[in-house]
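Here the structure is laid out as structure tokens; the discussion comes afterwards.
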Amino acid sequence: MCGIIGYVGYENAVPIILEGLKKLEYRGYDSAGIAVCGRDGFDVVKQKGRLDALEARLEAAPLSGHMGIGHTRWATHGEPSDANSHPHVGSRSKIAVVHNGIIENYQRLKARLEQKGIRFASQTDSEVVAQLAETCYDGDIMETVVKAVGRLEGSYALGIMCLDRPDTLIAVKKDNPLIIGVAAHGLFIASDVPAVLRHTNLVYYLNDGEIAVLNKDGARFYSLDREPLQKHPETVTWSLDSAEKGGYPHFMLKEIMEQPKVLRDTVQSAVSGEAKAAADSLDPARFDKIVMTACGSAYNAGVAARYVFEKLCRVPVEVELASEFRYKDAIIGEKTLVILISQSGETADTIAAMREANAKGAVTLSIVNAVGSTVAKETAHTIYTLAGPEIAVATTKAFSAQLALLYMLAISFAYKLGRLSETERDALTDEMKALPGKAEALLGRTDEIQHCAAGCIAYKSIFFIGRNVDYAIALEGSLKLKEISYIHSEAYAGGELKHGTISLIEDNTLVVALSNCERLAPKIMSNAEQVASRGARVLFVGSCAPAEMGDRMSVIRLPAAHELFSPSLSVVALQLFSYYVAANKGLDIDKPRNLAKSVTVE
Ligand code: G6P
């Protein structure tokens, strides 16, 4: 979703902001813009399309200034166009604004401002903020910001410049992320850490209802009552390299390849590091049920983990899409553990689900990748996944880290509940420790998977089937494929095939059959035969794929792993499969159309 970057300092803001915008591209966008405080007013360039187009315009007519704001826009209110792009400047050219979020009462505010004779230049909700701030402005920019945000309903992360204060950049937020970066040559506001990593790893995480006032020598923080606040910067451990492609053609491939390390770090942290300490602070005997809630791939991680928790801990587990959980009046209370799973920690529905769970007195635990994110801050317990920055829109390594952490948590809970002996716990932990090596071996076979994917680009529709944990990974494999290759795809529990889906099978439909559960392998084989006899081609993916198969069938054979933990390997194979299908189609793999990495609006 929209990305914000702002700079005030000793250097020219324009190249710094452009480079920051490139680092925010992964969030998803369809237009971009930049404004600097120039000698005679704001200089603004806004451009529909990719950043290259904005860059070309800036090359043709260069801008410079020591303070500026930039924005990548993912259209919500108003089509992608130059006019609707940010920054938005008020009609009196006094105040310029970049915004991430949705102003829910914008129509009402806009109507009132129009009655006062203000003419709007765009269809966006965001322009209302600039126009409203200008009508509130009486020479005191802090007072103006306080008054204006007091009238906004909805969510916002705002970067604000006032022409009368060409040395002061202001930021304020509610329900959308903003960080403040502190470098030797100046200060930054940004939607996310990778945008500033080239300059600094010292950041403040802005909380809802806090105002940051930045000039080139430092940052001051205030409450909305204008009371000064003491905040302490944090040092981010992510390296700049981790946010660069490092020689790979796409971030997605790089991130797929990083998974053995991510798995190793995650298991290590759960055995003797911070994840262990966090798990130890929870007493599973307190809970009569566990609810996992999340969106997208993080939800699929919950679906896989449910099988493991229920099998090992014998505790009932529900998995809910956060967008459904938040509105269903969930039956939860102090004996419920609600696990929020999120890479970004900023997904709007996951945040709402978390707040609902907190309000109902449930114990909340987050499994989050982004340090300092809203979900991490507002849950009672947090365990960080150690995936590092993930840039490709389609998640890979963060998903793997979520899975591994949840498995380790299930092992720890089962042991504490007396469901596993020490020996059994250690044996399962050893199985987990063996996963990174097996993932490495699998990643050494990219040629084979690439070859297989090359033969699949012409399919109009691809179905994924599996049973038990393989069903969970079928969901994730199918999501990955449709996200980046734009091939229609659905996932089904193998047993459900005959209840409808089989009617869609015809000559040369591809069915990907996951088979990693020994005891269920014959069932999946019979599903495969049923579709093959109706003309489908079947690609088995798994360690339990049959040794002998018909000529309409082929296999990507996976290393054997404990049945419960096999998703950590099968997902890697399916990520590579999707990646190579999309690569063969020549698509924009890291930034698939219409998708955003961090979905910060409903
Ligand atoms: C978007 C991303 C997905 C991600 C989902 C949930 O749809 O494209 O990759 O799984 O949001 O995001 P979260 O940050 O909460 O894990």
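Each ligand, and each atom within it, is numbered from 1 in the order the structure gives.
Inclusion of Ile341 in the set of residues having an N or O under 3.5 Å from an N or O of ligand 1 is not warranted. Considering backbone and side-chain atoms together, Gln402 places no N or O closer than 3.5 Å to any N or O of ligand 1.
Closest to atom 14 (O) of ligand 1 by heavy atom, among Ser344, Ala370, Cys295, Pro592, is Ser344.
More than 12 heavy atoms of other residues, nucleotides or ligands shown are found within 6.0 angstrom of NZ on Lys231.
In this structure, atom 16 (O) of ligand 1 lies nearest to the protein heavy atom Gln343 N, 2.7 Å. Looking only at protein heavy atoms, the nearest one to atom 12 (O) of ligand 1 is Thr347 OG1, 3.3 Å. For atom 8 (O) of ligand 1, the closest non-hydrogen atom on the protein side is Ala596 O, 3.2 Å.
Residue-ligand proximity: Gly28 is placed with every non-hydrogen atom at 4.0 Å or more from ligand 1.
A salt bridge is defined here as a Lys NZ or Arg NE, NH1 or NH2 lying under 4.0 Å from an Asp or Glu carboxylate O, and Arg593 with Asp30 fails to meet this definition.
With ligand atoms numbered from 1 in the order given, ligand 1 contributes 10 (O), 16 (O) to contacts under 4.0 Å with heavy atoms of Ala298. Ligand-side atoms of ligand 1 in range of Lys597: 1 (C), 2 (C), 11 (O), range being under 4.0 angstrom from any heavy atom. If you number the atoms of ligand 1 from 1 as listed, the ones under 4.0 Å from a heavy atom of Ser297 come out as 10 (O).
Taking the six-membered ring for Trp and thresholds of 30 and 60 degrees, Phe577 and Phe464 have ring planes more than 60 degrees apart, a perpendicular arrangement.
At a heavy-atom distance under 4.0 Å, no atom of Ala294 approaches ligand 1. Both the backbone and the side chain of Val393 come within contact range of ligand 1, each with a heavy atom under 4.0 Å.
Each of Ser578, Ser297, Ser485 was evaluated against Lys480; a single residue qualifies, Ser297, per the side chain to side chain donor-acceptor pair (under 3.5 Å) test. When the options Lys397, Glu390, Glu255 are evaluated for a side chain to side chain contact (heavy atoms under 4.5 Å, CB included) with Val262, the one that passes is Lys397.
With no hydrogens or angles considered, no side-chain donor-acceptor pair links Gln268 and Asp265 at under 3.5 Å. A donor atom on one side chain and an acceptor atom on the other are not found under 3.5 Å apart for Thr124 and Asn84.
Proximity of a side-chain donor or acceptor of Thr382 to a complementary backbone N or O of Ser366 within less than 3.5 Å is not detected.
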